[in-house]
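Worth knowing before you read on, the calculation uses all heavy atoms, side chains too, and leaves out hydrogens, waters and symmetry mates.
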Amino acid sequence: MARRRAVLGLIGLLASPLLAPTLPAGPLARLLAPAPVGAQQPASQPVLRIGAIPDQKPEKLNRLYPLVAAELSRQLGVKVSYVPVVDYAAAVSAFRTGNLDLVWFGGLTGVQARLQKPGARVIAQRDIDVNFHSIFIANARSGIKPISQQKQLVELKGRRFTFGSESSTSGRLMPQWFLSQAGVKLSDFKGGAPGFSGSHDTTIALVSSGAYDAGVVNEQVWRTSLHDGRASREKVIPIWKSPGYPDYHWIAQGDLDARFGKGFTSKLQRAILAWRPSDPQQKQILALFGAQQFTEANAAAYGRIEQVGRQIGKIR
């Protein structure tokens with residue numbers, strides 16, 4: 001007890017104002033000194049959170065988008081973080097709730113996101129997205145032959161057929177529209193309904209294996225898969241290339257200027273539009289996107305996507 005009283009007495013003595021002038025000056029004193037009343041703590045810097053619809057295998061997405069985050073961080077001088085999502089619907093939901101600031105959407109999901117978040121801005125699209133295409137493919141042993149006219153899609157009736165994701169523009173929305181124009185209903189496929197693989201890569205794998213007789217993928221993934229050897233014409237063949245339509249695009253939240261500073265959204269847009277193959281880092285990004293550059297995108301160009309989305313019940 002006596003020892004405890006001695007310790008408490010020493011603490012009280014050290015705390016006495018009479019001893020304050022004897023405290024050592026210099027860095028240690030500044031470190032120990034309490035902060036002045038009302039002093040402002042440095043505000044945490046906002047983080048630009050980017051995301052993308054998971055239209056391909058996670059391995060590719062996890063190579064591409066951290067590169068995008070690093071390049072944008074370098075260009076913009078802010079911290080940029082890539083946030084993966086589990087599916088197309090999750091990307092739209094995360095944008096609606098404000099958990100993602102900049103998202104690489106497909107045509108349909110981009111329209112859905114903008115309708116749910118007024119003020120959102122279309123930032124850019126790839127050079128190939130102005131006139132994008134879907135490729136209908138078939139298992140090489142299915143007996144399905146290439147066709148030259150859209151009306152010949154009726155030959156897919158009674159076949160096992162798979163789309164990609166249910167919300168994919170190039171792997172479901174527009175292909176379903178082209179099929180309906182040819183007189184093919186979803187109930188016309190074998191089993192009374194099509195499959196939904198979830199991604200373009202998986203569609204190619206399923207058709208190659210014979211699990212499905214035919215399917216549809218986006219042209220860029222198809223070309224890349226052939227180039228990388230992930231698709232073999234000995235197992236899967238292209239049977240029809242669709243007419244063109246606008247597809248993928250970057251969409252940003254409408255409040256970025258308020259959070260990151262005046263003119264930030266325009267600066268972000270200029271950064272993406274400036275990517276060129278002459279820069280080693282940007283060349284890698286563009287190659288993974290399957291593009292030569294990004295161009296300005298017009299939200300009005302996606303009016304047809306919205307119209308088709310409403311017709312098939314994907315937009316209400």
Side-chain angles (χ1 to χ4, degrees), residues 40-55 61-62 64-127 129-130 167 169 246-276 279 281-282 284-286 288-289 291 293-303 305-306 315:
Q40 294 295 318
Q41 297 297 320
S44 60
Q45 295 296 318
V47 178
L48 185 71
R49 298 155 300 183
I50 68 171
I53 55 171
D55 60 339
L61 302 179
N62 291 332
L64 170 57
Y65 292 103
L67 289 175
V68 172
E71 179 62 17
L72 286 177
S73 181
R74 183 190 69 81
Q75 291 175 291
L76 301 172
V78 301
K79 185 175 179 180
V80 182
S81 176
Y82 167 53
V83 183
V85 296
V86 295
D87 55 30
Y88 284 49
V92 175
S93 178
F95 189 82
R96 176 180 54 80
T97 58
N99 290 320
L100 287 175
D101 302 310
L102 176 70
V103 181
W104 181 241
F105 282 119
L108 173 60
T109 47
V111 171
Q112 291 172 330
R114 286 189 288 111
L115 289 174
Q116 294 180 31
K117 201 68 182 289
R121 290 184 55 181
V122 176
I123 297 297
Q125 62 185 180
R126 298 171 300 183
D127 47 7
D129 288 308
V130 178
S167 296
T169 305
D247 201 352
Y248 293 84
H249 50 306
W250 286 108
I251 296 183
Q253 295 283 0
D255 65 347
L256 295 188
D257 284 13
R259 292 176 49 210
F260 292 90
K262 184 178 180 181
F264 181 83
T265 305
S266 295
K267 185 178 179 182
L268 168 62
Q269 182 181 46
R270 289 194 300 271
I272 295 174
L273 296 179
W275 292 347
R276 291 293 184 274
D279 179 282
Q281 178 87 344
Q282 296 171 6
Q284 195 174 0
I285 292 172
L286 291 170
L288 289 169
F289 269 114
Q293 67 180 69
F294 281 78
T295 64
E296 291 189 31
N298 183 359
Y302 293 86
I305 300 297
E306 180 177 351
I315 297 176

- Checking side chain to side chain contact (heavy atoms under 4.5 Å, CB included) for the pair Phe95/Val92: CA distance, chi angles, key distance, verdict? CA-CA 5 Å; Phe95 189 82; Val92 175; 5.9 Å; no
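Annotation: the span from Leu76 atom CG to Arg270 atom CZ amounts to 9.5 Å, rounded to 0.5 Å. With rounding to the nearest 0.5 Å, the separation of OG in Ser266 from CG in Asp257 is 6.5 Å. Summarising the geometry, atom CG belonging to Leu72 is positioned 7.0 Å from atom CD1 belonging to Ile285; distances are rounded to the nearest 0.5 Å. The distance from atom OG1 of Thr169 to atom CZ of Phe105, rounded to the nearest 0.5 Å, is 11.0 Å.
A distance-only check finds a donor-acceptor pair linking the side chain of Gln253 to the backbone of Leu100 [under 3.5 Å]. Not one N or O on the side chain of Asp247 forms a donor-acceptor pair closer than 3.5 Å with the backbone of Gly106.
In terms of the side-chain contact (heavy atoms from CB on, under 4.5 Å) criterion, residue partners of Ala252 (sequence neighbours excluded) are, by chain and number, Leu102, Ile123, Leu256, Leu268. Taking the side chain to side chain donor-acceptor pair (under 3.5 Å) definition, one finds that Gln125 meets it with Tyr302, sequence neighbours left out.
Across all non-hydrogen atoms, the minimal contact from Leu61 to Asp55 is CD2-OD1, 4.0 Å. Closest heavy-atom contact between Gln269 and Glu296: NE2-CG, 4.3 Å. The minimum heavy-atom distance linking Ala124 with Ala297 is given by the pair C-CB, 3.9 Å. In terms of heavy atoms, Val122 sits closest to His249 at CG1-CD2, 4.0 Å.
Taking 4.5 Å as the limit, every side-chain heavy atom of Thr109 sits out of range of all side-chain heavy atoms of Val103. Inter-residue side-chain proximity for Phe294 and Phe289 is flagged as met; some heavy-atom pair is nearer than 4.5 Å. The shortest side-chain heavy-atom distance between Pro46 and Val78 does not fall under the 4.5 Å cut-off. For the pair Ile272/Val68, no side-chain contact is recorded, criterion being any heavy-atom separation below 4.5 Å from C-beta on. No side-chain heavy atom of Val86 sits less than 4.5 Å from a side-chain heavy atom of Pro54. The closest side-chain heavy-atom distance from Val80 to Tyr65 is not below 4.5 Å.
Sequence neighbours left out, the pairs with a member in residues 64-73 that pass salt bridge (charged side-chain N to carboxylate O under 4.0 Å, His left out) are Glu71-Arg74. Each side-chain hydrogen bond (donor to acceptor under 3.5 Å, both in side chains) pair with one or both residues in residues 76-91, not counting sequence neighbours, would appear here, but there are none. The salt bridge (charged side-chain N to carboxylate O under 4.0 Å, His left out) pairs that include a residue from residues 107-126 are Arg126-Asp129, where partners are two or more places apart or lie in different chains. Residues in residues 94-108 take part in these side-chain hydrogen bond (donor to acceptor under 3.5 Å, both in side chains) pairs, two or more places apart or across chains: Arg49-Asp101, Ser93-Arg96, Arg96-Gln116, Thr97-Asn99, Asp101-Arg259.
Asp127 and Thr295 share no donor-acceptor pair across their side chains, judged by distance under 3.5 Å alone.
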